[in-house]
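Residues take their numbers from the sequence shown, with the count starting at 1.
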Amino acid sequence: MTNQRSFKARVRTRMEKTGESYTTARRHLINRAAEPGPASTAAAQTAQTEPAAAAAQTERIADDLIRARTGRGWAGWFALLDDAAATEWTHTRIARHLVTDHEVPGWWAQTITVGYEQARGLRAPGQRRGGGFEASASRTVAVPALRLFEAFADEAARARWLPDVEVRVRTATAPRIFRADWAGGPTRIVVGIDAVGESKARVSILHEKLTGAEQAAELKTYWRDRLAALKALLETDGDRR
């Protein structure tokens, strides 16, 4: 209980300094704790005592980043989709509209679509449009896309940063897509990898078919931790193949 109170106090201190919401300030502290290094150990243990609340897409991804990657901020995209009456559309139709009519890259089209659906009450954070729940996480790693893909697709490489988990591969298309059943089912993971130049790539994980918001929050924290471990492994001498 003392650790939880201490962590909450740190969150509130950050809120006062930055003006962020509780959820956003908390997320930044958890992400900082997940970074490798001895100074982060105590903070990471504190963060793990309290499950992360599912954060809205607009809180997870800054408006400036959306604008830099897609040409519009959150408000701009929401207004555009409102004008198109997109609240009556399926998730797939919204994402396709962004890709085909506005040339938004696929991953960012999905990001905007989820943010819009949450903002318009079509889904809760961590929830799919159909009512099920999912968890997501992403990380940029300073290795080529193929190297990052192999960290998932190669069983021995995967065991180094994702130990003691049964993964049954469904499809693996190098170097972009990896799908697998998780721990014998019924949940599953979908991994997308996008190159960011020749020596850097971004991995995005979607963990689907979850039982509820609590499991989604737990798995979001889990995947942030595992992706931090993967990043540390691939970017240091620890990845000796």
Side-chain angles (χ1 to χ4, degrees), residues 15 18-28 31 52-140 173 176-179 187-196 201-217 219-221 223-224 227:
M15 290 169 63
T18 65
E20 296 168 339
S21 69
Y22 182 91
T23 300
T24 301
R26 184 178 181 282
R27 173 171 53 82
H28 281 297
N31 286 346
Q57 196 84 315
T58 53
E59 293 181 331
R60 291 197 313 107
I61 301 177
D63 189 75
D64 288 347
L65 181 58
I66 285 287
R67 189 182 305 277
R69 296 292 187 268
T70 68
R72 286 183 174 87
W74 284 115
W77 284 116
F78 290 176
L80 182 147
L81 291 171
D82 282 342
D83 288 344
T87 54
E88 304 299 322
W89 297 356
T90 65
H91 175 92
T92 300
R93 184 178 175 186
I94 296 172
R96 185 185 299 122
H97 172 72
L98 294 172
V99 171
T100 59
D101 293 1
H102 300 284
E103 299 182 349
V104 179
W107 190 87
W108 290 103
Q110 292 290 338
T111 298
I112 294 167
T113 300
V114 171
Y116 179 73
E117 290 170 337
Q118 291 174 353
R120 296 300 179 261
L122 302 175
R123 69 159 88 190
Q127 186 179 34
R128 294 179 60 85
R129 281 283 291 271
F133 285 82
E134 59 191 21
S136 61
S138 61
R139 199 83 175 190
T140 299
T173 306
R176 296 187 56 110
I177 299 293
F178 177 85
R179 294 184 175 92
T187 71
R188 64 190 183 194
I189 58 172
V190 181
V191 181
I193 297 172
D194 293 306
V196 185
R202 183 176 183 84
V203 55
S204 302
I205 293 182
L206 184 65
H207 201 140
E208 301 178 318
K209 296 190 173 183
L210 307 183
T211 58
E214 183 176 354
Q215 186 185 27
L219 282 168
K220 181 179 287 289
T221 300
W223 280 116
R224 286 174 178 166
L227 291 186

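The CZ atom of Arg224 sits 12.5 Å away from the CD1 atom of Ile205 when rounded to the nearest 0.5 Å. Distance check: Arg96 CZ to Thr113 OG1 gives 11.0 Å after rounding to the nearest 0.5 Å. To the nearest 0.5 Å, the span separating CG on Leu219 from CG on Leu206 amounts to 11.0 Å. Taking CD of Glu117 as the start and CG of Leu81 as the end, the distance is 9.5 Å to the nearest 0.5 Å. In this structure, the separation between CH2 on Trp107 and CD1 on Ile112 is 10.0 Å, given to the nearest 0.5 Å. Taken from CD in Glu134 to NZ in Lys209, the straight-line distance is 12.0 Å, to the nearest 0.5 Å.
The two atoms that bring Ala119 and Phe78 nearest to each other are CB-CE1, 3.5 Å, heavy atoms only. Residue Ala109 comes nearest to Leu98 through the heavy atom pair O-CD1, 3.5 Å, listed as atom of the first residue, atom of the second, then distance. Contact between Ala135 and Ala216 at its shortest, heavy atoms only, is CB-O, 3.4 Å. Scanning all heavy atoms of the two residues, the minimum distance from Val99 to Gly106 falls at CG2-CA, 4.2 Å.
The shortest side-chain heavy-atom distance between Arg179 and Val191 does not fall under the 4.5 Å cut-off. Looking at heavy atoms from C-beta onward, Ser138 lies in side-chain contact with Arg202 at the 4.5 angstrom threshold. Residues Thr58 and Ile66 are not in side-chain contact: their nearest non-hydrogen atoms beyond the backbone lie 4.5 Å or more apart.
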Original post:
Going through the checks in order, is the side-chain contact (heavy atoms from CB on, under 4.5 Å) test met by His91 and Val114?
Top reply: CA-CA 8 Å; His91 175 92; Val114 171; 3.9 Å; yes
**OP:** Could you walk me through whether Glu208 and Thr187 pass side-chain contact (heavy atoms from CB on, under 4.5 Å), step by step?
**Re:** CA-CA 6 Å; Glu208 301 178 318; Thr187 71; over 6 Å; no
Original post:
Can you check side-chain contact (heavy atoms from CB on, under 4.5 Å) on His207 and Ser136, steps first, answer last?
Top reply: CA-CA 6 Å; His207 201 140; Ser136 61; over 6 Å; no
Original post:
Run the side-chain contact (heavy atoms from CB on, under 4.5 Å) check on Ile61 and Trp74 step by step: do they pass?
Top reply: CA-CA 10 Å; Ile61 301 177; Trp74 284 115; 4.2 Å; yes
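Legend: residues meeting side-chain contact (heavy atoms from CB on, under 4.5 Å) with Thr211, ordered by chain and number and at least two apart, are Gln215. For the side-chain contact (heavy atoms from CB on, under 4.5 Å) test, residues two or more places apart in sequence or in another chain that qualify with Arg72 are Trp77, Leu80, His102.
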